[in-house]
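In what follows, residues are counted from 1 in the order of the sequence shown. Note that the structure is predicted; figures quoted are calculated from it, not measured.
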Amino acid sequence: DNHYANNSRNANQFVSDIAAEALYADQLAMHSAWIGEHHFNSLGVLSCPDLVLASLAARSTKIRLAPAVTVLPLHNPIRVAEQWATLDLLSNGRVDWAAGRGYDRREYAPFHVSFEDNQAIFEEGMEVVQMLWRAGGERVSHRGKYYQFEDVRITPQPIQKPIPAYIGSFSKPSIELAARLGCGL
């Protein structure tokens, strides 16, 4: 969190500090580094946790790497499945992946994603990501309300089978989705 009274740290310094803290946590043999995603506001000011975690994967050896959370409705789930499978490969299987809907309507508008439909978009996106990871390199198709594609295979495949997945939530529908998909919460 970079939003508190009398804070003089700018967004760039905040991102540098988070990376340094995660590397120090690796040296201390801490379990994991979870980095949040926020857009267009002062809370966190880190829009690309996947890139920061990729940098950390190259400079760390033990710490598990995770988003806290990927705001999945703001992203294409095919691309999300590819990105996190790639990070799992580059980190030698040290990825824990967490997704959520987010809570700030202001983060949705510039991406032209319906905040009102975010639960349904989130549920379908989670199903797509999980399907692509489970496919094991086989081609799959999907005809949903929000996402449609034919004959898609993601590469590379994740090392972990499966990548540990979590849903960050305070809402009953997302908690029930976590149970339905076998995700941590």
Sequence neighbours left out, what pairs pass side-chain hydrogen bond (donor to acceptor under 3.5 Å, both in side chains) with at least one residue falling in residues 175-185? Glu123-Arg180
By side chain to side chain contact (heavy atoms under 4.5 Å, CB included), which residues pair with Asp104, not counting sequence neighbours? Asn41, Arg106, Glu107
Partners meeting side chain to side chain contact (heavy atoms under 4.5 Å, CB included) with Thr86 (sequence neighbours left out): Leu90, Pro156
Are Ile163 and Leu181 connected in the hydrophobic side-chain network, where two residues link if heavy atoms are under 4.5 Å apart? yes
Least distance between heavy atoms, Arg94 atom then Ser60 atom: NH1-OG, 2.9 Å
Val95 and Val52: same hydrophobic cluster, using ILVMFWY side-chain contacts below 4.5 Å? yes
Selection residues 108-120 - residue pairs positive for salt bridge (Lys or Arg N to Asp or Glu O under 4.0 Å), sequence neighbours left out: Arg105-Glu116
Does Asn92, at its CG atom, have more than 12 non-hydrogen atoms belonging to other residues, nucleotides or ligands within less than 6.0 Å? no
Is there a chain of hydrophobic side chains (I, L, V, M, F, W, Y, each step under 4.5 Å between heavy atoms) that links Met126 to Ile78? yes
Please report the closest heavy-atom contact between Asn7 and Arg9, naming both atoms and the distance. OD1-N, 2.9 Å
Go through the structure and list residues passing side chain to side chain contact (heavy atoms under 4.5 Å, CB included) with His31, not counting sequence neighbours. Arg64, Asp96
Return the OG to CH2 distance between Ser91 and Trp84, rounded to the nearest 0.5 Å. 9.5 Å
Applying side chain to side chain contact (heavy atoms under 4.5 Å, CB included), name anything that partners Val113, two or more places apart in sequence or on another chain. Pro73, Leu74, Tyr108, Phe111, Ile121
Gap separating the CD1 atom of Ile167 from the OG1 atom of Thr70, nearest 0.5 angstrom: 12.0 Å
Leu53 and Ile35: side-chain contact (heavy atoms from CB on, under 4.5 Å), yes or no, with the steps? CA-CA 8 Å; Leu53 292 167; Ile35 298 177; 3.7 Å; yes
Could you tabulate the donor-acceptor pairs under 3.5 Å formed by side-chain atoms of residues 147-155, not counting sequence neighbours?
from, atom 1, to, atom 2, distance (Å)
Gln148, NE2, Gly144, O, 2.6
Gln148, NE2, Lys145, O, 3.3
Glu150, OE1, Ser141, OG, 3.3

Filter on salt bridge (Lys or Arg N to Asp or Glu O under 4.0 Å), then keep only pairs touching residues 81-92, sequence neighbours left out; what's left? Arg79-Glu82
Rounded to the nearest 0.5 angstrom, the OG-NE2 distance for Ser47 and His38 is 11.5 Å
With clusters defined by side-chain heavy atoms of hydrophobic residues (ILVMFWY) lying less than 4.5 Å apart, directly or transitively, does Val69 cluster with Val15? no
Besides Tyr166, the hydrophobic cluster formed by Ile, Leu, Val, Met, Phe, Trp and Tyr side chains linked at under 4.5 Å, directly or via other members, contains Trp34
Output every pair passing side-chain hydrogen bond (donor to acceptor under 3.5 Å, both in side chains) with a member in residues 126-138, not counting sequence neighbours, ordered by first then second residue. none
If you define the side chain from C-beta out and look only at heavy atoms, does anything of Ser169 sit under 4.5 Å from Leu185? yes
Test side chain to side chain donor-acceptor pair (under 3.5 Å) applied to Arg101 - qualifying residues, sequence neighbours left out: Asn118, Gln119, Ser171, Ser174
Less than 3.5 Å apart, which donor and acceptor atoms pair up between the side chains of residues 21-29 and the rest of the protein, not counting sequence neighbours?
from, atom 1, to, atom 2, distance (Å)
Asp26, OD1, Lys62, N, 2.9
Asp26, OD1, Ile63, N, 2.8
Asp26, OD2, Thr61, N, 3.1

Taking every heavy atom of Gly125 against every heavy atom of Leu72, the minimum-distance pair comes out as C-CD2, 3.4 Å
When clusters are formed by joining ILVMFWY residues with side-chain heavy atoms under 4.5 Å apart, either directly or through shared neighbours, do Trp97 and Leu51 land in the same one? no
